[in-house]
Every structure is written in structure tokens, then in C-alpha cells.
Amino acid sequence: YVLWHNSFIYFFVNDQLVLLFFSICISFFVSSVGATTNITIENSGSRLNAKSDSTPASYQWLISDTVDGIYSPIDGANQKYYDIKAEDEGKYIKVSADGSESETVGPIGKLIVFDLSLGSVNFGATYSGNGGALTGDHIDSNIYVVTQSNTETYSTNTIKFSGTNLQKYDVTIDGIHLGSEPVTGKAPNSQGIGTYTQGVIDLQPSGGVGSKNVILRLKGENIVRAIHYYTNGSASNSSLKITDIKGDGAADGGALYVPVKVDPDKIEEFVNSNLSYNHWNSGIGGDDGSGDKVTNFEIAGGKLQVLTTYADNCTAIGAGGNGACTMTISGGDITAHCNGTGTAIGGGIGWFSGGGTSNITISGGNIYAKNHGQIYVNGSTITTKDKPYDKVVGGVAIGSGSSFEAAGSEGKVTITGGYIEAYGTFGNGIGGGNSSNSTGGKATISISGGTVIASSIGGGDSKSGTGGSANVEVSGTAHITLEK
């Protein structure tokens with residue numbers, strides 16, 4: 001006979017319980033639901049990344065000629081990601097993870113692969129590369145990959161973006177090595193050096209200034225002398241995003257080293273050197289000469305090491321000489337070092353005029369920023385610590401630019417997440433710019449989340465006037481440690 005009691009079904013034969021049906025079904029049902037995978041696809045340009053709320057045991061990428069057609073397995077495509085191939089153009093792709101299928105991505109754009117060893121790459125209304133052998137019309141759905149077959153030494157070739165009509169360029173750099181010989185014998189206050197144009201990625205080349213939207217995706221190890229980007233005048237609506245080929249927030253799919261790759265234990269020696277790679281121009285960001293401002297700039301992923309030297313006296317990531325910087329860091333593993341009146345991350349350098357203001361927002365990522373700047377001056381002559389001097393000037397790690405002659409600039413920094421270490425040898429870890437001959441820059445700093453370790457936080461220092469005021473607000477889950 002059958003007995004129903006408290007939502008359970010009991011089966012008896014000769015008064016012996018033989019099956020507890022409902023509990024078994026419920027147990028099986030709950031187990032099945034728990035194993036269901038919610039799978040989505042993050043479109044990372046030349047790569048599709050599967051994202052899941054669980055840890056699937058298996059993946060299979062599927063392809064179809066039409067969005068509602070029959071999807072067939074792609075041979076060998078059973079990893080968490082899928083790299084787009086030329087034959088995928090116009091087709092539709094989805095992924096199955098443990099039997100659960102994602103939404104469809106497509107139609108897939110045209111894949112165009114350049115080799116920098118064959119010549120420079122140019123993007124505009126048209127694209128060209130491989131010594132002129134690879135050309136065509138640009139459309140926003142194009143998928144670009146820039147490689148370099150010979151990386152035994154650096155190439156002086158360039159990647160230039162001359163688009164002026166808010167064109168969108170999605171570019172993966174995959175194992176490139178660009179550069180040129182550094183200049184020697186330049187002092188931190190030298191003028192007339194100009195912008196170095198060899199071995200760089202240039203978003204605002206001469207004759208190509210205008211608004212364009214660029215995503216640079218990092219794949220493998222990449223080395224470039226500099227990335228020139230600013231948003232003055234006709235370029236005011238431009239944007240630049242740097243991220244990892246594995247997607248936003250990732251830092252293990254690609255790396256970028258500017259201007260060269262330096263072992264961590266050699267960084268101090270490098271930034272104190274008299275080699276100049278980007279004098280008064282930033283490693284990533286604005287150039288010197290026109291107060292270039294940087295806006296609409298985001299680092300969302302990837303591993304970055306950006307270094308500038310004593311002879312450079314420039315910002316590592318941010319604005320060029322005297323320029324302002326507004327940028328966001330939401331992910332990635334970032335190491336930024338500078339040596340002078342610029343910043344490791346933020347506003348541009350100043351010497352005769354003021355350094356650049358800053359508005360920096362950090363919501364994620366792991367960041368180590370240090371300004372090693374400690375420049376000794378006797379009158380107006382650069383000297384060294386072991387010789388007579390009457391002024392010393394240094395800069396800020398994260399914040400606004402400093403100046404020798406003019407006032408320090410205002411810095412605004414907002415931190416809501418991430419892990420940040422920021423140290424200034426002769427200035428704030430986070431805050432307003434310094435000055436030797438005028439007042440320090442004021443600072444507005446809000447920290448509501450994340451972990452912050454800094455040498456100091458506040459307004460800029462001054463050796464001849466008053467220090468900069470500071471408005472520092474700490475709230476939420478922020479954890480802050482001040483240490484030298």
C-alpha cells in the first residue's frame with residue numbers, strides 16, 4: 001500500500017518499507033540544480049572568454065553560419081577561451097560548459113593580423129601594414145592583432161592611429177618589441193628635447209589629431225618605448241582602454257613594459273640613471289610642449305611595468321609636461337616608477353611652469369607606485385647631494401604634478417577598491433604636488449574601500465611658501481597604513 005505523510009510518499013509491501021520515493025526524487029533534483037552552469041561570453045576582441053558562476057569541468061565552443069542555425073563543435077576548441085580565426089568571419093559562436101550553452105556572439109568581424117617586423121602599422125579610415133602588403137578599409141567591427149615575428153632586438157617601427165571621426169579600433173598586441181636608443185647626458189630641467197617618435201604606439205600622430213576610441217588588449221609579453229595619448233582640442237572625445245586578453249580584471253594573459261623590461265631588483269638603478277627615453281613626455285599618456293591633457297583613459301586589466309628615469313623627469317602613467325590627467329584604474333597589476341616632478345600615476349611634470357592637476361579614480365587592481373624624485377638645485381643649476389645646493393624638489397607617487405619654479409598643482413584621488421602602495425621619496429605617496437619656490441598644491445582625497453599603504457597622504461609640500469591644504473575623507477571598508 002502507499003502512504004502520503006508530510007510530503008513524502010512511502011511504499012510498503014507486506015508492511016515492509018521498500019521505497020521513500022519523494023525524498024529520493026528531491027535529492028536527485030537538488031543535486032541536478034546545483035550542477036547547472038550559468039555560462040556567458042566576454043568578448044575580448046580577438047579572443048572570446050567563457051565566464052561562469054561555477055567551475056565547469058568541460059568546455060566546447062560551437063559555430064554556425066547563421067544565428068539560429070545548427071551549431072557544430074569547433075575542432076580542438078575545448079578551453080575556457082577561444083581565439084578568433086580568419087575563417088570565423090561572419091559566423092556565430094557560442095560555448096557549451098558542462099552541457100549548458102551560452103548566448104550567441106556574432107556575426108564575427110574580420111580578423112586582420114599584422115607583423116611589425118615587416119613594417120609599421122597605421123590605422124585610420126583605412127589600415128595598412130606588413131610593408132604595404134596588407135591594406136583595406138577600416139570598419140568598427142574589424143578585429144586587429146599586431147604581432148612581431150623577430151623580437152631578438154627591438155624594432156623602431158610604430159603603431160599609429162590617425163582616425164578622426166570617433167572610429168573604434170580593437171587591437172590586440174601580441175608579443176611586440178618596439179623601441180629606440182635612449183638619449184644620454186640630459187638634465188631633468190633640459191628643454192627642447194621634443195617627442196620621441198620611434199618605437200612607440202601613437203594615438204595622436206602629426207596630421208592625425210582627432211577623436212578615436214581605442215582598446216589595446218595585452219597578450220603575451222610586449223615592450224614599447226611609449227604610448228602617446230592625449231585629448232586636447234579636436235581629440236577631446238577620444239578614449240583609450242588598456243586591458244588583458246583574458247578580460248577586464250585579469251592580469252595573467254598579457255604584459256606591457258615601458259620603455260624597456262627591467263628586473264624588479266634593477267628598477268632603483270634604472271630610474272636613477274641618466275638615460276632619457278621620454279623626457280618630459282609620459283611613458284603612457286600625454287606629450288610635452290602643449291600642456292597635453294589626458295581624459296577618458298582607463299586601465300582595466302593586464303600586467304604593466306612603466307618606468308621613467310632621472311634624466312626623463314616625466315610622469316610614468318598620465319599627462320605630459322604641465323598637462324592634467326583624468327583617469328580610472330579598475331583592474332590589472334600595475335608597477336609605476338618615476339623620478340622627478342611628475343608622478344608615477346597622475347598629472348604631468350612642471351619645472352618653470354606648474355605641474356598638471358589630477359583626477360584619479362581607483363576601483364580595483366594591484367598597484368605599486370613610487371616617485372624617487374629628489375632633485376638638488378643650486379640657484380638654477382642641477383647639482384647633486386654631495387655638492388652645494390640650496391633647493392630640493394621631488395614629486396608625488398599618485399596625484400598631481402610638482403614644480404620647481406611654480407606652485408604645486410591640485411590633486412584629486414578617489415579610491416573605492418583595490419590594493420595600492422604609494423611612496424614618495426620627497427613628496428606625498430598620494431596627494432597634491434610640491435613646489436620649491438611657491439606654494440604646495442591642495443588635495444581632495446576620498447578613500448572608501450580597498451587597502452592603501454602610503455608614505456603620506458595630503459597636500460603638497462613647499463620649501464619657500466606654504467604647504468597645500470588637504471581634504472581627506474576615509475569611510476566604508478577602507479584599510480589605510482602610513483609608512484615610510
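Heads up: numbering here begins at 1 and tracks the sequence.
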Is a side-chain donor or acceptor of [X] paired with a backbone partner of [Y] at a separation under 3.5 angstrom?
X	Y	value
N122	S128	no
D140	Q167	no
W61	Q79	yes
N296	S238	yes
T416	S448	no
D312	Y277	yes
S282	G318	yes
S400	G433	yes

*With Y154, which residues qualify under side-chain hydrogen bond (donor to acceptor under 3.5 Å, both in side chains), at least two apart?*
E181

Do [X] and [Y] have side-chain N/O donor and acceptor atoms under 3.5 Å apart?
X	Y	answer
D115	T147	no
T126	D137	no
T295	T231	yes

Please tell me if the side chains of [X] and [Y] come closer than 4.5 Å, counting only heavy atoms from C-beta onward.
X	Y	answer
L178	T158	no
E103	I39	no
E298	L240	no
I201	F161	yes

Point-to-point distance, once rounded to the nearest 0.5 Å, from [atom1] of [X] to [atom2] of [Y]:
X	Y	atom1	atom2	answer
I143	I108	CD1	CD1	6.0 Å
L216	I159	CG	CD1	7.5 Å
E421	T451	CD	OG1	10.0 Å
M327	I362	CE	CD1	8.0 Å
Y92	Y71	OH	OH	8.0 Å
H279	I349	NE2	CD1	6.5 Å

*Quick check: are there more than 12 heavy atoms from other residues, nucleotides or ligands sitting under 6.0 Å from NZ of K412?*
no

*Look at atom CG of D265 and say whether more than 12 heavy atoms of other residues, nucleotides or ligands are closer to it than 6.0 Å.*
yes

*Evaluate the ring planes of Y169 and Y144, with Trp represented by its six-membered ring, and classify them as parallel (under 30°), tilted (30 to 60°) or perpendicular (over 60°).*
tilted

*Lys/Arg N to Asp/Glu carboxylate O, R217 vs D170, below 4.0 Å*: yes

_Using a strict threshold of under 4.0 Å (side-chain N to carboxylate O), is an ion pair present between R47 and D83?_
yes

*Taking all non-hydrogen atoms of both residues into account, name the closest pair between G429 and A397 and its distance.*
O-CB, 3.2 Å

*Test side-chain hydrogen bond (donor to acceptor under 3.5 Å, both in side chains) on N339 and T309 and set out the steps.*
CA-CA 6 Å; N339 192 336; T309 69; over 6 Å; no

_Here's one to test your reading of the geometry: is the NZ or CZ of K241 within 45 degrees of the ring axis of F297 and under 6.0 Å from its centre?_
no

*asked:* Walk me through whether Y423 and S456 qualify under side-chain hydrogen bond (donor to acceptor under 3.5 Å, both in side chains).
replied: CA-CA 7 Å; Y423 304 98; S456 59; over 6 Å; no

*Check against side-chain hydrogen bond (donor to acceptor under 3.5 Å, both in side chains), T243 and D248*: CA-CA 6 Å; T243 190; D248 293 351; 2.8 Å; yes

*Centroid-to-centroid, F123 to F114, below 6.0 Å?*
yes

